[in-house]
Amino acid sequence: MSKSRQPLLAGNWKMNLNHLEAIALVQKIAFALPEKYFDKVEVAVIPPFTDLRSVQTLIDGDKLLLRHGAQDVSQHDSGAYTGDVSAPMLAKLGCDYVVVGHSERREHHGETDELINRKVRAVLKHEMSPILCVGEGSDVREAGDHVSYCTNQLIEGLKGLKQEQVRRAVIAYEPVWAIGTGKVATAEDAQEVCGALRAALTEKYGAEIAEEVRVLYGGSVKSSNIADLVGRDDVDGALVGGASLNGDEFAKMSALAAGGPLP
Ligand SMILES: O=C(CO)COP(=O)(O)O
């Protein structure tokens, strides 16, 4: 089946780079990636909260074609929630995307599927797109239960959404054992789960919606493996950690996700 979905390459910077370093990296990516690529691939940076205003100002001021998003969000719109950042605040900062349910938040902050579902709803309510992360640990993979585990996280994360809302969600399959370890899942592994996630979306929301939703792979993606990954039927791009902190490498990956040639 030919893919009608535009690939998305999103760089999750995690807790790296202050706002001055963020400006330098965005300038570097924009300089290294000629505008023609943006017809074929959507490229987004996902910096820490403290960098967002600087990144927004640079993208708007220089009319860059890059998009930007945030790494997390509160499930509440406002109120006495010290330290949290709300979806309306992120929408005002021009965010198109908000990562929700990253395995590092599930693990270090005890985020449950129920909380993640509330965050997904908060993002959609303010007309941004959630990038809902799912993925199994090595124990689940070794037991051979990875497909059902990830499918369950997907269904719980999207619970109660209307079809029209599901349409604008992005799903990221990030096997925990492949994150920051250099152990990339094979393209077959990625396709197996991304395909199963799309099949679950088809069953629940119908083929038309499932064909529109982008399903990304994440976990040790770099320029040497991105082309093989996005070449698979159900892998529509990548959520990139470490390699997204290098402007030249990230630009190269973007070009490869666009189908080349290299800039
Ligand atoms: O967690 C990830 C992106 O969200 C993947 O991180 P790495 O690309 O560093 O493995």
Side-chain angles (χ1 to χ4, degrees), residues 7-17 21-22 25 29 41-49 51-52 55 66-73 90 95-109 111 116 119-120 123 128-138 140-141 146 149-150 153-154 157 169-187 189-191 193-194 197 214-230 232 235-254 256-257:
L8 169 63
L9 196 72
N12 174 9
W13 297 1
K14 308 192 179 184
M15 197 174 70
N16 293 294
L17 309 184
E21 294 164 331
L25 179 54
I29 297 166
V41 62
E42 200 179 340
V43 184
V45 292
I46 317 278
F49 289 134
D51 300 357
L52 283 171
V55 168
L66 282 168
R67 298 185 184 277
H68 63 283
Q71 298 175 16
D72 183 39
V73 66
L90 296 176
C95 289
D96 287 307
Y97 295 104
V98 182
V99 174
V100 179
H102 192 280
S103 60
E104 286 151 16
R105 296 217 52 97
R106 292 180 191 258
E107 183 184 343
H108 304 307
H109 298 267
E111 293 199 3
I116 289 162
K119 291 185 174 195
V120 165
V123 172
M128 299 174 288
S129 291
I131 300 179
L132 170 63
C133 300
V134 303
E136 81 286 357
S138 52
V140 173
R141 161 99 10 198
H146 47 285
Y149 185 90
C150 294
Q153 284 183 328
L154 172 77
V170 175
I171 313 301
Y173 168 53
E174 299 207 312
V176 179
W177 49 270
I179 295 179
T181 58
K183 264 195 238 166
V184 62
T186 64
D189 290 336
Q191 168 58 31
V193 178
C194 292
L197 294 173
R214 285 176 295 183
V215 183
L216 315 182
Y217 167 79
S220 301
V221 180
K222 39 193 177 300
S223 58
S224 57
N225 55 30
I226 180 115
D228 196 13
L229 288 159
V230 298
R232 305 296 156 141
V235 183
D236 305 317
L239 187 55
V240 184
S244 72
L245 298 172
N246 177 324
D248 288 329
E249 170 75 353
F250 192 60
K252 192 171 169 190
M253 294 170 75
S254 305
L256 288 163

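Counting starts at 1 for both ligands and their atoms, following the listed order. Numbers here simply count residues along the sequence, with the first being 1.
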Engineer: Got the closest protein heavy atom to atom 6 (O) of ligand 1, with its distance?
Structural biologist: K14 NZ, 3.3 Å
Engineer: Could an N or O of ligand 1 be found under 3.5 Å from any N or O of N12, whether backbone or side chain?
Structural biologist: yes
Engineer: In Å and rounded to the nearest 0.5 Å, what is the CG to OG distance from L17 to S244?
Structural biologist: 8.5 Å
Engineer: Testing K14, E111, Q71 one by one against H102 for a side-chain contact (heavy atoms from CB on, under 4.5 Å), which residue passes?
Structural biologist: K14
Engineer: Rounded to the nearest 0.5 Å, how far does CD1 of I131 lie from CZ of R214?
Structural biologist: 8.5 Å
Engineer: Out of K183, E174, K222, Q71, whose heavy atom is nearest to atom 2 (C) of ligand 1?
Structural biologist: E174
Engineer: For ligand 1 and G218, I'd like to know whether there is a polar contact (N/O to N/O, distance under 3.5 Å).
Structural biologist: no
Engineer: Mark the output for A243 as yes if a heavy-atom distance to ligand 1 is under 4.0 Å, and as no if none is.
Structural biologist: no
Engineer: To which protein heavy atom is atom 9 (O) of ligand 1 closest, and what is the distance rounded to 0.1 Å?
Structural biologist: G242 N, 2.9 Å
Engineer: What atoms in ligand 1 come closer than 4.0 Å to a heavy atom of L239?
Structural biologist: 3 (C), 4 (O)
Engineer: Keeping N225 on the side-chain end and K222 on the backbone end, is there a donor-acceptor pair under 3.5 Å?
Structural biologist: yes
Engineer: Please work out, at 4.0 Å between heavy atoms, whether the side chain, the backbone, both, or neither of S244 comes within that distance of ligand 1.
Structural biologist: neither
Engineer: So if I count the atoms of ligand 1 from 1 in the order they appear, which ones are less than 4.0 Å from some heavy atom of S220?
Structural biologist: 7 (P), 8 (O), 10 (O)
Engineer: Run the contact test for A178 against ligand 1 with a 4.0 Å cut-off on heavy atoms, strictly below, and give the result.
Structural biologist: yes
Engineer: Please round to the nearest 0.5 Å and tell me the distance separating atom CZ of R105 and atom CD1 of I116.
Structural biologist: 9.5 Å
Engineer: Would you find a donor on one side and an acceptor on the other, under 3.5 Å apart, between the side chain of R106 and the backbone of G101?
Structural biologist: yes
Engineer: So, D236 side chain and V215 main chain: donor-acceptor pair closer than 3.5 Å or not?
Structural biologist: yes
Engineer: So, is G241 polar-close to ligand 1, with some N/O to N/O distance under 3.5 Å?
Structural biologist: yes
Engineer: Could you tell me whether some N/O pair between V240 and ligand 1 is separated by less than 3.5 angstrom?
Structural biologist: no
Engineer: Go through ligand 1 atom by atom and flag the ones less than 4.0 Å from a non-hydrogen atom of G219.
Structural biologist: 5 (C), 10 (O)
Engineer: So, taking the atom named CZ in R141 and the one named SG in C150, what distance separates them when rounded to the nearest 0.5 Å?
Structural biologist: 8.0 Å
Engineer: Roughly how far, to the nearest 0.5 Å, is OG of S220 from NZ of K183?
Structural biologist: 9.5 Å
